[in-house]
Peer 1: 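Dropping a structure here in structure tokens format, bear with me for questions.
Chain letters run A, B, ... following the sequence lines, proteins first and then strands; every chain starts at 1. All of these numbers come straight from a predicted model, not from anything done at the bench.
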Amino acid sequence: MARISYRKAVNQALDQEMTRDASVILMGIDVGGGSGGSGDVGSVGGVMGVTKGLYPKYGPNRVIDTPISESAIIGAAAGAAVTGMRPVAELMFVDFIGVCLDQIYNQAAKFRYMFGGKARTPLVIRTMGGAGMRAGAQHSQNLHPILTMIPGLKVVMPSNPYDAKGLLIRAIRDDDPVVFLESKALYDMKGEVPEEAYEIPFGEANFLRDGGDATIVAFGAMVPRAMQAADRLAKDGIRVTVIDPRTTSPLDEEAILDSVDETGRLVVVDESPPRCSLAADVAALVASQAFDALKAPVGMVTCPHTPVPFAPNLEDAYMPSAEKIEAAVRKTL
Amino acid sequence: MARISYRKAVNQALDQEMTRDASVILMGIDVGGGSGGSGDVGSVGGVMGVTKGLYPKYGPNRVIDTPISESAIIGAAAGAAVTGMRPVAELMFVDFIGVCLDQIYNQAAKFRYMFGGKARTPLVIRTMGGAGMRAGAQHSQNLHPILTMIPGLKVVMPSNPYDAKGLLIRAIRDDDPVVFLESKALYDMKGEVPEEAYEIPFGEANFLRDGGDATIVAFGAMVPRAMQAADRLAKDGIRVTVIDPRTTSPLDEEAILDSVDETGRLVVVDESPPRCSLAADVAALVASQAFDALKAPVGMVTCPHTPVPFAPNLEDAYMPSAEKIEAAVRKTL
Amino acid sequence: MQLSRDELKRAYTSMYAIRAFEERVEKEFADGTIPGFAHVYLGQEASGVGVCFDLTDEDQIGSTHRGHGHCIAKGCEIEGMFLEIMGRDGGICGGKGGSMHIADMDKGMLGANAIVGGSPPIAVGAALTQKLRGTDRVAVAFSGDGASNQGTTLEAMNMAVILKVPMIFVFENNGYGEFTASEYSVGAPSLSDRAAAFGMPAQCVDGGDFFAVHAAMREALAHVRAGKGPYTLETRCSRFLGHFVGDPQKYRSPEELAQARANDPIQRFRDKVTTAALLDISELDEIEQQIRARVEAAAAAARAAPMPALETLETDVYVTY
Amino acid sequence: MQLSRDELKRAYTSMYAIRAFEERVEKEFADGTIPGFAHVYLGQEASGVGVCFDLTDEDQIGSTHRGHGHCIAKGCEIEGMFLEIMGRDGGICGGKGGSMHIADMDKGMLGANAIVGGSPPIAVGAALTQKLRGTDRVAVAFSGDGASNQGTTLEAMNMAVILKVPMIFVFENNGYGEFTASEYSVGAPSLSDRAAAFGMPAQCVDGGDFFAVHAAMREALAHVRAGKGPYTLETRCSRFLGHFVGDPQKYRSPEELAQARANDPIQRFRDKVTTAALLDISELDEIEQQIRARVEAAAAAARAAPMPALETLETDVYVTY
Ligand SMILES: Cc1ncc(C[n+]2csc(CCOP(=O)(O)OP(=O)(O)O)c2C)c(N)n1
Ligand SMILES: Cc1ncc(C[n+]2csc(CCOP(=O)(O)OP(=O)(O)O)c2C)c(N)n1
Ligand SMILES: [Mg+2]
Ligand SMILES: [Mg+2]
């Protein structure tokens, strides 16, 4: 099996699905890149190079450069989806949902329910989130809690190349609107990824490690950090279970509850400010449905209730780290 | 003391603050109403009549009708605030934040932090939320979790006329951006309200009832329902504490934790879908910080993970009711 | 272009169906049988019908909060509409949508929309589908004068131009967005000129005149079907009632209100076809009678219909979850 | 209008400061001393300086992700800017903002903005403050050609017109939004014509010519200060580098890249003032030397400066909480 990057895994999923199904189209700002310019059109392939090579292969009708008009991008993708296409719209940074959220949560996500089950909106919104790139307060957020709370939407947070490919293929084949939240901190992460297409189902957590002393639940870019913490703890003989739910909506509640039933201790790691976070969401799930198994206060490792700071030392301090996760686990013991 | 409606209490707060401070201005769609028309300009005073009478009194420079351009409304209010005015912008229904969220969360709420503490943005965004009016999926949401999670923003949810007036006066005098989320279901609720201006501080919960058997935390329009549930329980000799935090950010964590320390049982009532909700937020707070006091699983009474349905019977079933709250409390006993 | 007698009858049937439906909505609302708000289309019938007259079920429209007229003009059944608006089982959307969210995919009706400016981006996407599939179908986005100031609408215009999609922006300028006059809220001297500056042809027509709207729409359709990109049509309409049923409209002078009624598109249609001896009065009256009867029956049936089953509260959020 | 020798020197100082600052940023970025992204203003100096030349500290500007030039033109100190861009203690924003969020309230600089289309609505509000206070101050919103398609920008234009606020929309059309040409992304034949259709006067000028920009800006200021409402200025600029430092720009032909440099606003200013014998070459060279020295020193000091104290992570989120 080839070792490829998370970036490449996403690219491969898009490529294979576009080949398989002519109704899959990409649209977004510079997903091709260079439209209207005097040079090489399609040379860019997204600001992070994720869609590179697809414009040359599939052309301007299937890899559509758009103006900087996110409401029109997402809205048009929703409109194309509900009339039979399978658009993959790129929202360059998830930080930009503020200019197009209506089309996501009041339109695409609600069509089916509002219309009594008669609409089908196979829309994927690819976007990227997360801090650590020194990109400042408006380009470093994750915002998955805002997305997770929206009924009608599915939300995916892949934490490694293998999952990125399989979950994206699943997302494209899914008949509901899906937000596929890539982690910009993970684009260069490498891992083994099968060449052929495969699907990873939604709502099925990945158990990365088994251990009876405590359960760590982590999402997206926090998963590798949780694993680091698990390694450190293992050196002291503390064995933890590490769960990556992979999709935040649907959430594999059973996996989490079952694990806490065994370990009695829970730490949730969430790269977002604490209020109404996914950390709170999972903590509340356990406090309401696995309370009797709980032996210690639930631990939550989140960012502080502040915007993301620019200065590297502040940004590092802002994020959940392996150290903080380790300390939180120790506190539950 | 006069008994006035929640609607009138909001109106009175605006009126008194506008008289006191010339830098307080209102802006929004039809806050005056009738601009450019052939009839009586300022005759409307907001789609719910909340700002009625203010246009005739303060004129078009201080009660500013705007186009249907929420990003421009909120952005202009933020820009006016950061340059010295104290605008109260109306976002007619909170459901519309999807077309202007960027100006709220990436701009107004982040100015101060991003600019190293040098900006001051005394902006109030008045908006209304909540189901029960048969207004359908796009006019019935609350969306306070999205607002509560935003660092830099304060969020107020008044549950009665007295609080509405005192909290709005506080919001207008506050130097930070505040979202003042009115409950459309409560506009006709009457209560005693002093004629003179007064402030209710943020982050100080209101204890509506004391009882040692369990703690109910409820927000906005759910507070009267929690009180109904408390009444029903009282008939069986079950005494509950009912806490209305009044502001969701800042949240009076101490009040909640202290109460749970005494009662050992918690039910949170939140009119929103369950995921990443305020119910989850409070439940997680308690599960992490008052775990040792907890004697039973935390109860959460929320709406289901669905859009708000239109049909009256479905909408009624959608909302947390006194019955559901009562049942949730009994489950913790 | 001369319309046949059958076509004229079809146009009148559609316009009058809207009239009778909305008058019934007004009455039912007053009687308390319609929950929530109701924004009726009275006075704007010629606009919706003129625009939709040459569209098929495969052409798509995106609508607004004032969408009943668009639904009927696009072929939705009034029986299902009454059920929906009253929140009953069997409504077009199972009672879950309501007045502001009626959609009928089979009729190419992509939904009323309670978000001002919600539909134009969606319609761009519907048009994109047609372009990519190489059909000669089109998409239409209805917006009001008020909606013309929403950023989503303005973005959609530019996007439609650059993607060259077969789409028509219809701005029904009835002079008001809620209680604010377009005179005040639209900075530009003309809505259609502002649209034209986005790089597409635009026309402004008398929205009270079915024939004018229909003729302009034919030009628009010819343009977009030829692959020349989008087109804008502004129809100047009169809103008979207030923003919603029950609005006292103090912001409009009595003279203006009287003037709005004087411009009645139904009466103008009648006058035109009877003066030109294209249809007899008796034919028109017969159409009216049939429609009145159907509307009565549909409303009565809806009033008597059961509410949706409680189990449906949590269904159809997702295809799978 | 003829500028004095001192004014010409001030203009050149400002333009050259941007040039030297940005070239230094390019270098520091390559050296790894600037974290994150850097979008430099090289090639657009005449636009920012021409626009800001007659503004005072009480006039306000809203800027973009490409904001360094606007900051300097508006009077921000380059020492604080280097500290900020490197994320150091003592930066204009305490190191918390970074390149895309520099603001300086004392200078009427309301902030760079990393959200495309973020500033125009805010600038409408700043202008509203001036209108309500009855001052003769103005607000300027800088946007790029790409930002001209964002709904927030378009809404702000209409809003500014109807509120008649003293505001100038400056569209710096450098031909590209990231990697996409405005030729493609702007459906309208001209940005300024599109702006004009919103109901305000608009001009398009050569953004490489300080004198042209400045003259147009004087007209714009006269208009808005007379209470006649907003104004739009499109400045056609050349972007020397790519979207960000490090962009290989394969989407631009070598000829186009060469052409961009050929249109160098600094050189054109030098040529103009020396040909007309308004300033001596030696005077210009002296200005350059002084600025180079100051930039060197400021960059060195910033490199040597400490990071912000960790305690500041959680401060200044609120005034009170
Ligand atoms: C985003 C948004 N803002 C505000 C509203 C409230 N609202 C509903 S209809 C309406 C007026 C719309 O005016 P116009 O587009 O002219 O349509 P008309 O009612 O005249 O048909 C407003 C402001 C809304 N539904 N959505
Ligand atoms: C809402 C939003 N969408 C997309 C981006 C990503 N982005 C940053 S700069 C830019 C291009 C802006 O182009 P233009 O307005 O022409 O300014 P220029 O870079 O040419 O100065 C884009 C798309 C963003 N920052 N914000
Ligand atoms: Mg209107
Ligand atoms: Mg540009």
Side-chain angles (χ1 to χ4, degrees), chain A residues 22-23 25 27 35-36 60-62 64-85 87 89 99-100 102-103 105-123 151-154 174-178 201-203 249-250, chain C residues 60 62 84 91-98 100-106 108 110-115 117-133 137 139 141 150-163 165 308 312 314-321:
Chain A
S23 66
I25 56 171
M27 49 195 301
S35 288
N61 270 340
R62 295 190 62 199
I64 304 172
D65 279 337
T66 66
I68 309 174
S69 310
E70 279 84 357
S71 284
I73 297 169
I74 305 296
V82 86
T83 52
M85 306 301 288
V99 295
C100 60
D102 189 74
Q103 288 293 337
Y105 87 111
N106 269 336
Q107 312 297 342
K110 290 192 174 67
F111 283 162
R112 189 168 179 80
Y113 191 80
M114 291 193 303
F115 302 160
K118 286 181 196 151
R120 205 171 266 258
T121 312
L123 162 68
L153 213 59
K154 295 172 178 172
D174 202 277
D175 281 334
D176 291 308
V178 178
F202 290 172
S249 177
Chain C
Q60 279 125 354
E84 188 58 37
I92 293 194
C93 303
K96 281 162 147 175
M100 293 197 286
H101 307 291
I102 298 182
D104 194 342
M105 299 292 148
D106 297 336
L110 296 182
N113 208 309
I115 301 298
S119 278
I122 297 164
V124 172
L128 179 62
T129 296
Q130 304 309 338
K131 178 188 158 193
L132 296 177
R133 289 194 173 153
R137 299 293 110 211
Q150 184 66 268
T152 54
T153 308
L154 297 162
E155 283 187 6
M157 285 195 269
N158 182 61
M159 182 94 127
V161 169
I162 81 140
L163 297 185
V165 289
T312 63
E314 300 196 34
T315 61
D316 287 326
V317 181
Y318 298 91
V319 177
T320 56
Y321 195 62

Peer 1: When heavy-atom pairs shorter than 4.5 Å are enumerated against chain A, which of C:Leu128, C:Leu154, C:Val124, C:Leu132 gives the highest number?
Peer 2: C:Leu132

Peer 1: Please identify, among C:Thr315, C:Asn113, C:Thr153, C:Thr152, the residue contributing the most non-hydrogen atom pairs under 4.5 Å to chain A.
Peer 2: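 Greatest number of close heavy-atom pairs with chain A: C:Asn113.
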
Peer 1: Would you check, one step at a time, whether the test side chain to side chain contact (heavy atoms under 4.5 Å, CB included) holds for C:Glu155 with A:Ile73?
Peer 2: CA-CA 9 Å; C:Glu155 283 187 6; A:Ile73 297 169; over 6 Å; no

Peer 1: Does the C:Thr129 side chain pair with the main chain of A:Ala81, one donor and one acceptor, at a distance under 3.5 Å?
Peer 2: no

Peer 1: Looking at chain C, which one of A:Asp175, A:Ile64, A:Leu153 has the largest number of heavy-atom pairs inside 4.5 Å, strictly under?
Peer 2: A:Leu153

Peer 1: Output the option from A:Arg120, A:Lys118, A:Met27 having the highest count of non-hydrogen pairs under 4.5 Å with chain C.
Peer 2: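 That would be A:Lys118.
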
Peer 1: Kindly say whether C:Ile92 contributes a backbone atom to a donor-acceptor pair with the side chain of C:Glu84 at under 3.5 angstrom?
Peer 2: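 Checking the backbone N and O of C:Ile92 against the side chain of C:Glu84, a donor-acceptor pair under 3.5 Å is found.
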
Peer 1: In terms of heavy-atom proximity below 4.5 Å to chain C, should A:Asp102 be classed as side chain, backbone, both, or neither?
Peer 2: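 Only the side chain of A:Asp102 comes within 4.5 Å of chain C.
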
Peer 1: Counting only heavy atoms closer than 4.5 Å, note whether A:Lys154 contacts chain C via side chain, backbone, both or neither.
Peer 2: both

Peer 1: Less than 4.5 Å to any heavy atom of chain C: does that hold for the side chain of A:Ser249, its backbone, both, or neither?
Peer 2: both

Peer 1: Main chain of A:Cys100, side chain of A:Glu70: is a donor-acceptor contact present, judged purely on distance under 3.5 Å?
Peer 2: no

Peer 1: Between C:Gly125, C:Gly111, C:Gly94, C:Gly62, which residue shows the highest count of heavy-atom pairs closer than 4.5 Å to chain A?
Peer 2: C:Gly125

Peer 1: Relative to chain C, which segment of A:Ile74 carries a heavy atom at a distance below 4.5 Å: side chain, backbone, both, or neither?
Peer 2: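 Nothing of A:Ile74, per the 4.5 Å heavy-atom cut-off to chain C.
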
Peer 1: Please report the shortest heavy-atom distance between A:Ala77 and A:Ala89, naming the atom on each side.
Peer 2: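 Closest pair (atom of A:Ala77, atom of A:Ala89, distance): CB-CB, 3.7 Å.
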
Peer 1: Measure from the side-chain N and O atoms of C:Gln130 to the backbone N and O of C:Arg137, and report whether any donor-acceptor pair falls under 3.5 Å.
Peer 2: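 Not a single qualifying donor-acceptor pair exists.
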
Peer 1: Counting only non-hydrogen atoms closer than 4.5 Å, does A:Asn106 touch chain C with its backbone (N, CA, C, O), its side chain (CB onward), both, or neither?
Peer 2: side chain

Peer 1: Counting heavy-atom pairs closer than 4.5 Å to chain C, which one of A:Pro250, A:Gly116, A:Gly117 comes out on top?
Peer 2: A:Pro250

Peer 1: C:Ala114: what forms a side-chain contact (heavy atoms from CB on, under 4.5 Å) with it, not counting sequence neighbours?
Peer 2: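 Applying side-chain contact (heavy atoms from CB on, under 4.5 Å) to C:Ala114 gives B:Gln138, B:His139, C:Met100, C:His101.
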
Peer 1: Which region of C:Ala123, side chain (C-beta onward) or backbone (N, CA, C, O), has a non-hydrogen atom less than 4.5 Å from a non-hydrogen atom of chain A, or is it both or neither?
Peer 2: neither

Peer 1: Which answer fits A:Phe202, side chain, backbone, both or neither, if we ask what part of it has an atom under 4.5 Å from a heavy atom of chain C?
Peer 2: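 It is neither, since no heavy atom gets under 4.5 Å.
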
Peer 1: Carefully, step by step, assess A:Phe115 and A:Thr121 under the rule side chain to side chain contact (heavy atoms under 4.5 Å, CB included).
Peer 2: CA-CA 12 Å; A:Phe115 302 160; A:Thr121 312; over 6 Å; no

Peer 1: Taking C:Asp316 for its side chain and A:Arg112 for its backbone only, find out whether a donor-acceptor pair lies under 3.5 Å.
Peer 2: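 Flag not set: sc C:Asp316 to bb A:Arg112 has no pair under 3.5 Å.
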
